Amino acid sequence: MTTTPRLLLRFAVGGALLVALGRACGGVGPGAPLRVEVPAGSDAAAIAIAIDEALLLEQAERADWPRRDAIVRARLAALLGAIDDGDDDPEAAIDRAIAQGLHRRDPIARRRLVSAASRALGRGEDLSTWTAALLAEYGGHPERYASAARTEFTQVFVACDDGDGDGDGDGDGDGDGDGDGDEECSREAAAIAATLEGAPADAEIPGADPWPWTRPGVPYATARLDALFGAGFGAAIATAPIGRWSGPHRSAFGLHLVYVQARHDAEVRTIAEVLPRVHATLEQGRRDAALREALDGLRSGRRIEVVTTP
């Protein structure tokens, strides 16, 4: 048998199986009502999300993914084994689990099936030919692809061990940072600040604690500093004076004396530098639009029963 007849035979058999599956599931299809359960008090947005998820789960069932996906099958087998004595026939066990709706109730299996259906419905065209769209996206939104402003600095770190687990450095557990546990740390930082008055950026300071997560002479963006030191630290460094020591500046870990050596303004990058990001932005937008169009089509003319649960 040649390749083409074999493919046609597979499609024919697959179509027959899907029709049989639809009948076995109680006539799931465009004419059947879609039952959607939502917690009591859900707002319109939450109900809309639940409807979308129910439509996607239905598509996964129609494609027979609960039986075909290895991870979902493993989840179903484990769940079924926990509630009955099991079955010698693995396929019969999976059929029984699906008939009981275990793939819908198990959060991992359900999320995997919904995600798979979302990806399938959201597949769009190959964006490799979208030259005009790429140029339009980059030209219309250059700020999206600019490098962030960055600060190049050296620092001296004084660790503050609060001993109470709240991370504020005060040792009193109230989170306000003004307790007795902070006094020693503040005294150490003040002594170091006095030593650094008028000192160069490479001054050697005895008694300072190591800080391994940033390097002198490397410029860092504000968002990156916030991620490393805690919220607000990046803004403090971005406004610290250039060419002299300042601080101490508090982080989530302690106090920092900082010497800002240079600042680098945000720069617009060439399209060659950011092409992967532009491509990814367009692709995601295309997939989101395709998914939304597919879901709207599935909703159209469909009777939906929303049931609230306690």
Side-chain angles (χ1 to χ4, degrees), residues 21-22 24-69 71-72 74-76 78-80 82-83 97-125 127 133 137 140-141 143-144 166-167 175 222-223 226-227 230-232 234-235 252 277-278 280-310:
L21 174 64
C25 292
V28 173
L34 180 71
R35 180 184 172 88
V36 180
E37 294 186 353
V38 298
S42 297
D43 59 16
I47 293 173
I49 292 172
I51 292 173
D52 285 347
E53 184 173 301
L55 289 168
L56 290 168
L57 185 58
E58 185 180 81
Q59 294 305 301
E61 291 170 336
R62 191 170 291 138
D64 207 20
W65 287 335
R67 287 182 176 83
R68 294 161 49 193
D69 186 282
I71 293 178
V72 174
R75 296 288 301 179
L76 295 180
L79 290 169
L80 197 62
I83 61 177
I98 293 173
Q100 295 177 21
L102 298 185
H103 64 292
R104 288 175 166 264
R105 297 201 293 272
D106 178 66
I108 294 177
R110 182 184 181 93
R111 176 48 50 194
R112 185 170 178 84
L113 293 171
V114 168
S115 297
S118 177
R119 289 193 301 272
L121 290 177
R123 289 196 182 101
E125 299 176 27
L127 298 185
E137 166 65 20
H141 308 282
E143 72 284 351
R144 292 180 181 173
D166 61 13
T222 298
D226 282 349
R277 284 183 56 198
V278 179
T281 299
L282 280 178
E283 182 176 20
Q284 188 58 55
R286 181 75 175 191
R287 288 179 181 274
D288 290 346
L291 175 59
R292 185 69 265 157
E293 182 179 358
L295 287 170
D296 288 345
L298 292 171
R299 279 177 179 243
S300 179
R302 186 71 181 277
R303 185 158 57 90
I304 298 173
E305 298 177 354
V306 178
V307 179
T308 58
T309 59

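Given the structure is predicted, the values throughout are model-derived calculations rather than measurements. Throughout, numbering of the chain's residues begins at 1 and tracks the sequence.
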Subject >> Stepwise side-chain contact (heavy atoms from CB on, under 4.5 Å) check, V38 with V306 >> reply: CA-CA 7 Å; V38 298; V306 178; 3.7 Å; yes

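Using a distance-only test at 3.5 Å, with no hydrogens or angles considered, no donor-acceptor pair links the side chain of S115 to the main chain of R112. No side-chain donor-acceptor contact under 3.5 Å links R110 to the backbone of L57.
The two residues A252 and G230 make their nearest non-hydrogen contact at CB-CA, 4.5 Å. The two residues E61 and P66 have their closest heavy-atom pair at CA-CD, 4.0 Å. S42 and I47 make their closest contact through O-CD1, 3.9 Å (heavy atoms, listed as atom of the first residue, atom of the second, distance). Nearest approach of G234 to D226, heavy atoms of both residues: N-OD1, 2.8 Å. Minimum heavy-atom separation, V72 to D69: N-OD1, 2.9 Å. The shortest heavy-atom contact between V36 and A54 is CG2-CB, 3.8 Å.
Of the inter-residue distances, the one linking L113 atom CG with E53 atom CD reads 10.5 Å to the nearest 0.5 angstrom. Interatomic distance, I304 CD1 to R299 CZ, rounded to the nearest 0.5 Å: 5.5 Å. Distance check, rounded to the nearest 0.5 Å: CZ of R111 to CG of D106 gives 12.0 Å.
For Q59, there are no side-chain hydrogen bond (donor to acceptor under 3.5 Å, both in side chains) partners at least two apart in sequence or on another chain.
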Acceptor/donor pairs from residues 291-298 side chains to any protein atom, 3.5 angstrom cut, sequence neighbours excluded:
{"unit_1": "R292", "atom_1": "NE", "unit_2": "D296", "atom_2": "OD1", "d": "3.2"}
{"unit_1": "R292", "atom_1": "NH1", "unit_2": "D52", "atom_2": "OD2", "d": "2.9"}
{"unit_1": "R292", "atom_1": "NH2", "unit_2": "D52", "atom_2": "OD1", "d": "3.1"}
{"unit_1": "R292", "atom_1": "NH2", "unit_2": "D296", "atom_2": "OD1", "d": "3.2"}

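Taking the side chain as every heavy atom from C-beta outward, Q100 and L79 never approach each other to under 4.5 Å.
Between E37 and R104 there is no salt bridge, since no side-chain N of the basic residue sits under 4.0 Å from a carboxylate O of the acidic one.
Within 6.0 Å of atom CZ in R68, more than 12 heavy atoms from other residues, nucleotides or ligands are found, so the atom counts as buried in its surroundings.
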